[in-house]
Amino acid sequence: MATGDYVARPFEGLPGEPDWVVLKELVPAATAPVRTTAEHGARDVLVTTALPSQWPALHRTDGQVLLALQTVGGSGDTSRDLATALFKALESEPGTAVENIGLPTPGPRLQDVLDLTVPFEVTVHSSFEFWLDPGAERTDKITKAMDDASASIIDTARLTSVEAAYWTRMDAKEFLRWAQTDDEQQVLDALARLHGQRACSIDGGRFVGYFRTCGLVVPVWELTRGTEPEDLEPALAQFADRFAEALADNSPLDSSARRARPGLVARQLTLR
């Protein structure tokens, strides 16, 4: 049972907010370094998508602390849950996993604990090798567990032409998922304007809907079959210019955009 007030946008105020959201909800294996404030020891921490057995955090034997985003929290504020897990890991002995955080009591959030001058620089991985100490002994059991976990990873790449956009391949199809920090209604208006102008396609890829998660909107395009990340970059950069112009347009929607908008609103997707 969740405790405390619900926070719809838990990562607001953190550097790279949309990347935090995508790593929590959509990317199977990725990491990003952060650092606690001087008040909290200026400790380097590696934020991860997931850890074994859905552990919230891990203090590796080499001293590296890992904080997982894809866990079940105990309160209505994901940021406070993560801060609780982080403190438990920092206070634990090396080689200790934080297996649960229970029901967090009121306390600091990540925004209070992390050095907000440190950029959130994401690295996408094709395996979960980052779980292990670089010098750890690899027994057959450990190797098999790692291989089994890594086999579930779907192909994913973070694009560089815009912020918080991720290419992925699922079921032999390629998709673009691009997290937005603008207000949901503004994003939908912008997409409706472009749709009404027949300008919502990206390199032949079609807009198929959007996720709403952690207070942000994540539009999704199904790409032309066989599109690789490097193929997508130039077209995405061009589309980003059109999209930014549409976002900045505060004029009333024209008739084409008004007709398109209800169809866009109906295309909410389920996270998978």
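Position 1 is the first residue of the sequence, and the numbers go up from there. The figures that follow rest on heavy atoms only: side chains count, while hydrogens, waters and symmetry mates do not.
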Gln64 atom CD, over 12 foreign heavy atoms within 6.0 Å
yes
Can you tell me how far the CG atom of Leu253 sits from the CZ atom of Arg259, to the nearest 0.5 Å?
11.5 Å
Does CD belonging to Gln185 count more than 12 external heavy atoms closer than 6.0 Å?
yes
Are Phe11 and Ile101 in one and the same hydrophobic cluster, where Ile, Leu, Val, Met, Phe, Trp and Tyr link if side-chain heavy atoms are under 4.5 Å apart?
no
Salt bridge (charged side-chain N to carboxylate O under 4.0 Å, His left out) between Asp254 and Arg258: does it pass, once the steps are laid out?
CA-CA 6 Å; Asp254 64 20; Arg258 288 198 303 272; over 6 Å; no
Short side-chain to backbone donor-acceptor contact, Thr156 and Ile154, under 3.5 Å
yes
Once you round to the nearest 0.5 Å, how far does OG1 of Thr227 lie from CH2 of Trp167?
9.5 Å
Considering all heavy atoms, the nearest Cys214-Val21 contact
CB-CG2, 3.7 Å
Evaluation steps, side chain to side chain contact (heavy atoms under 4.5 Å, CB included), between Leu46 and Val34:
CA-CA 6 Å; Leu46 193 64; Val34 296; over 6 Å; no
Does any N or O in the side chain of Trp20 come within less than 3.5 Å of the main-chain N or O of Leu69, such that one atom is a donor and the other an acceptor?
no
Is the backbone N or O of Leu110 less than 3.5 Å from a side-chain atom of Ser79, with the two atoms forming a donor-acceptor pair by type?
yes
Rounded to the nearest 0.5 Å, the CZ atom of Arg212 sits from the CD atom of Glu184 at a distance of 4.0 Å
Who are the salt bridge (charged side-chain N to carboxylate O under 4.0 Å, His left out) partners of Glu121, not counting sequence neighbours?
none
Would you confirm whether Thr49, through its side chain, and Pro28, through its main-chain N or O, come within 3.5 Å as a donor-acceptor pair?
yes
For Glu230, enumerate each residue passing the side chain to side chain contact (heavy atoms under 4.5 Å, CB included) test, keeping only those at least two apart in sequence or located in another chain.
Glu228
Report the C-alpha distance between Asp155 and Met170 in whole Å, list the side-chain angles of each, state the deciding distance to 0.1 Å, and finish with yes or no for side chain to side chain contact (heavy atoms under 4.5 Å, CB included).
CA-CA 7 Å; Asp155 290 340; Met170 295 184 293; over 6 Å; no
Sequence neighbours excluded, which residues qualify as side chain to side chain contact (heavy atoms under 4.5 Å, CB included) partners of Asp44?
Arg35
Connected via hydrophobic side-chain network under 4.5 Å: Leu247 and Ile202:
yes
How would you list, by chain and number, every residue that makes a side chain to side chain contact (heavy atoms under 4.5 Å, CB included) with Ser53, sequence neighbours excluded?
Trp55
Determine yes or no for a side-chain-to-main-chain donor-acceptor pair under 3.5 angstrom, with Thr96 supplying the side chain and Ser92 the backbone.
no
What pair of heavy atoms forms the shortest contact from Ala260 to Gly196, and how long is it?
CB-N, 4.4 Å
Any donor-acceptor pair under 3.5 Å linking the side-chain atoms of Arg80 with those of Gln111?
no
One should read off an interatomic distance between Leu176 CG and Asp203 CG, to the nearest 0.5 angstrom, of 11.0 Å
What residues form a side chain to side chain contact (heavy atoms under 4.5 Å, CB included) with Glu222, not counting sequence neighbours?
Lys173, Phe175, Arg206, Val208
Give a yes or no answer on whether the side chain of Glu163 reaches the backbone of Gly16 with a donor-acceptor pair at less than 3.5 Å.
no
Test salt bridge (charged side-chain N to carboxylate O under 4.0 Å, His left out) applied to Asp81 - qualifying residues, sequence neighbours left out:
none
Between Phe207 and His195, ring centroids under 6.0 Å:
no
Gap between atom CG of Leu216 and atom CD of Glu25 - 0.5 Å precision
10.5 Å
Can you name the closest pair of heavy atoms from Ala240 and Val162 and give their distance?
CB-CG1, 3.6 Å
Going through the distances and angles, do Val22 and Arg177 end up as a side chain to side chain contact (heavy atoms under 4.5 Å, CB included)?
CA-CA 9 Å; Val22 175; Arg177 301 184 287 193; over 6 Å; no
Taking only residues two or more places apart in sequence, or in another chain, which ones meet His40 in a ring pair (Phe, Tyr, Trp, His ring centres under 6.0 Å)?
Phe87
Do the side chain of Thr123 and the main chain of Thr31 share a donor and acceptor less than 3.5 angstrom apart?
no
Any chain of hydrophobic side-chain contacts (each under 4.5 Å) joining Val118 to Leu23?
no
Output, in order, the C-alpha distance, side-chain angles, deciding distance and verdict of side chain to side chain contact (heavy atoms under 4.5 Å, CB included) for Leu86 and Val45.
CA-CA 9 Å; Leu86 176 57; Val45 175; 3.7 Å; yes
Do Leu67 and Leu14 land in one hydrophobic cluster if side-chain heavy atoms of ILVMFWY residues count as linked below 4.5 Å?
yes
Which heavy atom in Ile153 sits nearest to a heavy atom in Ala29, and how many Å separate them?
CD1-CB, 3.6 Å
Determine whether Leu194 and Leu223 fall in the same hydrophobic cluster, where Ile, Leu, Val, Met, Phe, Trp and Tyr are linked whenever their side-chain heavy atoms lie under 4.5 Å apart.
yes
For Asp140, what residues pass the salt bridge (charged side-chain N to carboxylate O under 4.0 Å, His left out) criterion, not counting sequence neighbours?
none
Does any donor atom in the side chain of Thr71 or Gln54 lie under 3.5 Å from an acceptor atom in the other side chain?
no
State the CG-OG distance between Leu232 and Ser161, to the nearest 0.5 angstrom.
6.5 Å
Kindly give the heavy-atom pair with the smallest separation between Ala50 and Gln70, and that separation in Å.
CB-OE1, 4.0 Å
Once ring pair (Phe, Tyr, Trp, His ring centres under 6.0 Å) is applied, do any residues pair with Phe243, and if so which ones, sequence neighbours excluded?
Trp178, Phe239
Among residues at least two apart in sequence or on other chains, which ones pass ring pair (Phe, Tyr, Trp, His ring centres under 6.0 Å) with Trp131?
Phe128
Who are the ring pair (Phe, Tyr, Trp, His ring centres under 6.0 Å) partners of Tyr166, not counting sequence neighbours?
none
Given Glu245 and Arg193, is the salt bridge (charged side-chain N to carboxylate O under 4.0 Å, His left out) satisfied, shown in steps?
CA-CA 10 Å; Glu245 185 177 346; Arg193 293 181 196 279; over 6 Å; no
Going by salt bridge (charged side-chain N to carboxylate O under 4.0 Å, His left out), name the residues that satisfy it together with Arg109, two or more places apart in sequence or in a different chain.
Asp77
Counting distance only, does the side-chain N/O of Arg225 pair as donor-acceptor with the main-chain N or O of Glu174 below 3.5 Å?
no
Side chain of Arg267, backbone of Tyr210: donor and acceptor closer than 3.5 Å?
no
Taking atom CD of Gln268 as the centre, report whether more than 12 heavy atoms of other residues, nucleotides or ligands fall under 6.0 Å from it.
yes
If only atom types and distance count, is the side chain of Gln180 paired as donor or acceptor with the main-chain N or O of Val217 below 3.5 Å?
no
Which heavy atom in Leu236 sits nearest to a heavy atom in Ala165, and how many Å separate them?
CD2-CB, 4.0 Å
